[in-house]
Amino acid sequence: MNETGQSLRRWPPPVRRRLGIQVDPTSTDRTSHDPEARALSDQDQPGRTEQPKVPDLRLQLDTELDEIGAQLQALADAKDRLQGLLGAVLAISGELDLSAVLRRIVTTAMELVGARYGALGVLHESGEYLKAFITAGLTETERADLGGVAFPHGRGVLGHLIHNPEPLRVDDIPSHPASAGFPPGHPPMRTLLGVAISVRGEIYGDLYLSERLDGRPFGPDDEDVVVALASAAGIAIENARLFGRVRDSAETFQRLLLPTLPDLSPLTAATVYRPADEPNRLGGDWYDAIVLPDDAVGIMIGDVGGHDLTAAAAMAQTHSMLRALLYDRRTPPSEILAQLDRTLHATAEVPVTTACLARIEPDPTGWVLRWSTAGHFPPLLISPDLETEYLHAEPGLPLGVSTGEHRPDHTRSLPAGSILLFFTDGLIEHPAHSVDVGLTALADLAATHATRPLHELVQVLADHHPSDGQDDMAILALRIPAGTRSPQLPA
């Protein structure tokens, strides 16, 4: 038996049957092993179908193998698309901020189908036009060319998708009956794939993709994968909207627990509170300032451990008790903190809490700060010449640790025109660096903007804080009058 005959014998029965090769594995006849003898035998048998020649068999086999290879490649491509779709769904589901979700939907869709440009138009509540338009893929030059052009509101082909929310594939945009042309400076676009995004059964907006990177028009496979992505996008958008409502409700609740500062004249004051970035992170930070019966100004700031409703409720209890004690008593701040600690221990289950309690008192030479802390960060003093100093002193134990430990009091004269800054740890703590690094960054930032009006200063500090934003933050700033003598005392 020659080599070709042996090869044919080794082919699986399904392949031999498909190619028309009949081989009897039990036969020992020479014709079953010798192609030439079998060919002569076939000639002697009238009516017998002639078997394919070996070269024809090879050609047919190559064709079959090519078809099988193409099918395997198609399966591999489908697998890659499914994996890409799964990765895309996970990517958009990982975002919670709505604006970040919308942008991630666009960029993820572009990656899935290899599109050069992408956009997502958010429908107005009326459903008649677009109220927002998020784009991706434009170069800086292309954005500059469109600098004076308003974003699309849903005319032309975009409007067609608004009023006919079915998947839309266009191979030549200018030739589409609904085409209204492009504004001046718009990059050339020929192909389009558009898919509507629904949220809770209502059309939320439309996803647009244009110009495949390989130059081909969008096909049915592109449409299928983007339609699947749009379904997941609707869920991600709804999650982001729910998160936004929870975050807004938490912030509103927290602000309702914080006071509106009274007129502290001749001192001026400004405050800011920022919730944590994560959902449901109600915090325990608070601040307050009141005018006391002896004309001093009482200052308090604190942070109850935890980031939930329990912490917020404990903060409200602690803040209310401390405010009442501060207003009623003429004792030093340390004694008021000690009384608060004993009261909380006896009447409430409050987590460990840090606090700073201070009095700014009129003095014949100006103003004096008297304060005591319960494990809290020291105040930051900014002089009129923009020098900064943390008023470091023995901090004392936090509230809720031990009611028997004494906390010291501290005193410091305040220069006329200086700024006193009280804050919580959410302003400066970051896991990537030490607390000292955060304190230094805050001091530098405060000195840079100390000449601003006080309400602008606290906003800048909150906007550009050196922390990681994972904790709520409270800031209270006071400016000492520029005069050298407090007006409450005679000259």
| field | Minimum heavy-atom distance between Pro481 and Trp367, given as atom pair plus value | value | CD-NE1, 3.7 Å

| His410 (side chain) donor-acceptor with His392 (main chain) under 3.5 angstrom | no

| note | Taking every heavy atom of Pro187 against every heavy atom of Leu138, the minimum-distance pair comes out as CG-CD2, 3.8 Å

| request: Would you check if Ile197 and Ile105 make a side-chain contact, meaning some heavy-atom pair closer than 4.5 Å? | output: yes

| remark: Closest non-hydrogen contact found for Ile382 with Ala446 is CD1-CB, 3.6 Å

| note | In short, Thr191 meets Ile173 closest at the heavy-atom pair O-CD1, 3.7 Å

| Does atom NE2 of His449 have more than 12 heavy-atom neighbours, drawn from other residues, nucleotides or ligands, at distances under 6.0 Å? | yes

| Will you find, in the side chains of Ser99 and Asp97, an N or O donor that is under 3.5 Å from an N or O acceptor? | yes

| task | Over 60° means perpendicular and under 30° means parallel, so classify the ring planes of His153 and Tyr129, tilted if in between. | result | tilted

| said: Measuring only between side-chain heavy atoms, which start at C-beta, is Leu461 closer than 4.5 Å to Leu421? | reply: yes

| task | Return the orientation label for the Phe151 and Phe133 ring planes: parallel under 30°, perpendicular over 60°, tilted otherwise. | result | parallel

| said: Distance check, rounded to the nearest 0.5 Å: Arg323 atom CZ versus His319 atom NE2? | reply: 5.5 Å

| 4.5 Å side-chain heavy-atom contact, Trp371 and Leu391 | yes

| Taking Tyr327 for the side chain and Ile290 for the main chain, is one N or O donor matched with an acceptor at less than 3.5 Å? | no

| query | What do you reckon, is CD of Glu349 surrounded by more than 12 foreign heavy atoms closer than 6.0 Å? | reply | no

| Looking only at atom types and distance, does a side-chain atom of Thr411 sit under 3.5 Å from a main-chain N or O of Asp409, one as donor and one as acceptor? | no

| said: With a 4.5 Å cut-off on side-chain heavy atoms, are Phe377 and Tyr390 touching? | reply: no

| query | Is the backbone N or O of Phe423 less than 3.5 Å from a side-chain atom of His376, with the two atoms forming a donor-acceptor pair by type? | reply | yes

| query | Rounded to the nearest 0.5 Å, how far apart are CD1 of Ile360 and CG of Asp363? | reply | 13.0 Å

| remark: When rounded to the nearest 0.5 Å, the distance separating CD of Glu335 from CZ of Arg330 is 13.5 Å

| message | Would you say that more than 12 heavy atoms from the other residues, nucleotides or ligands in this model lie under 6.0 Å from the CZ of Arg241, or not? | response | yes

| query | Taking all non-hydrogen atoms of both residues, which atom of Gly426 and which atom of Asp471 are closest, and how far apart? | reply | CA-CB, 3.9 Å

| task | Please round to the nearest 0.5 Å and tell me the distance separating atom CG of Asp444 and atom CG of Leu386. | result | 12.0 Å

| request: Using the side-chain contact (heavy atoms from CB on, under 4.5 Å) rule, take Leu457 and Ile419 through it: C-alpha gap first, then chi angles, then the decisive distance, then the call. | output: CA-CA 10 Å; Leu457 171 62; Ile419 296 173; 4.1 Å; yes

| message | Go through it in stages, so that I can follow the logic: the residues are Arg370 and Glu361, the test is side-chain contact (heavy atoms from CB on, under 4.5 Å), and I'd like the CA-CA distance, side-chain angles, deciding distance and then a yes or no. | response | CA-CA 8 Å; Arg370 304 186 191 280; Glu361 304 173 354; 2.7 Å; yes

| said: As an exercise, state the distance from OG1 of Thr353 to CG of Asp341, rounded to the nearest 0.5 Å. | reply: 9.0 Å

| request: Show the numbers, then the answer: is there a side-chain contact (heavy atoms from CB on, under 4.5 Å) between Thr271 and Val458? | output: CA-CA 6 Å; Thr271 61; Val458 295; over 6 Å; no

| said: Ignoring hydrogens and geometry beyond distance, is a side-chain donor-acceptor pair present between Thr424 and Asp285 at under 3.5 Å? | reply: yes

| said: Taking Glu211's backbone N and O only, do any of them form a donor-acceptor pair with Arg190's side chain (distance below 3.5 Å, no angle check)? | reply: no

| Rounded to the nearest 0.5 Å, how far does CG of Asp468 lie from NE2 of His433? | 8.0 Å

| message | Can a donor-acceptor pair be found, under 3.5 Å and without considering hydrogens, that links the side chain of Ser467 to the backbone of Gly469? | response | yes

| Has the side chain of Asp288 got a donor or acceptor atom that lies under 3.5 Å from a matching backbone atom of Met300? | no

| said: For a 4.5 angstrom cut-off between non-hydrogen side-chain atoms, does Trp286 reach Ser320? | reply: no

| said: Side chains of Thr354 and Asp303 only: does a donor on one sit below 3.5 Å from an acceptor on the other? | reply: no

| task | Measure from the side-chain N and O atoms of Glu142 to the backbone N and O of Thr139, and report whether any donor-acceptor pair falls under 3.5 Å. | result | yes

| said: Would you say that Asp206 contacts Ile162 through its side chain, given a criterion of any heavy-atom pair below 4.5 Å between the two side chains? | reply: yes

| query | What pair of heavy atoms forms the shortest contact from Ala374 to Arg407, and how long is it? | reply | CB-NE, 3.6 Å

| said: So Val101 and Asn239, do their side chains get closer than 4.5 Å, heavy atoms only? | reply: no

| said: Using side-chain heavy atoms (C-beta onward) and a distance below 4.5 Å, is Ile203 in contact with Ser198? | reply: yes

| said: Please evaluate residues Phe218 and Arg212 with respect to the criterion side-chain contact (heavy atoms from CB on, under 4.5 Å), reporting the C-alpha separation (whole Å), side-chain torsions for both, the decisive distance (0.1 Å), and the verdict. | reply: CA-CA 7 Å; Phe218 296 103; Arg212 281 181 56 127; 3.3 Å; yes

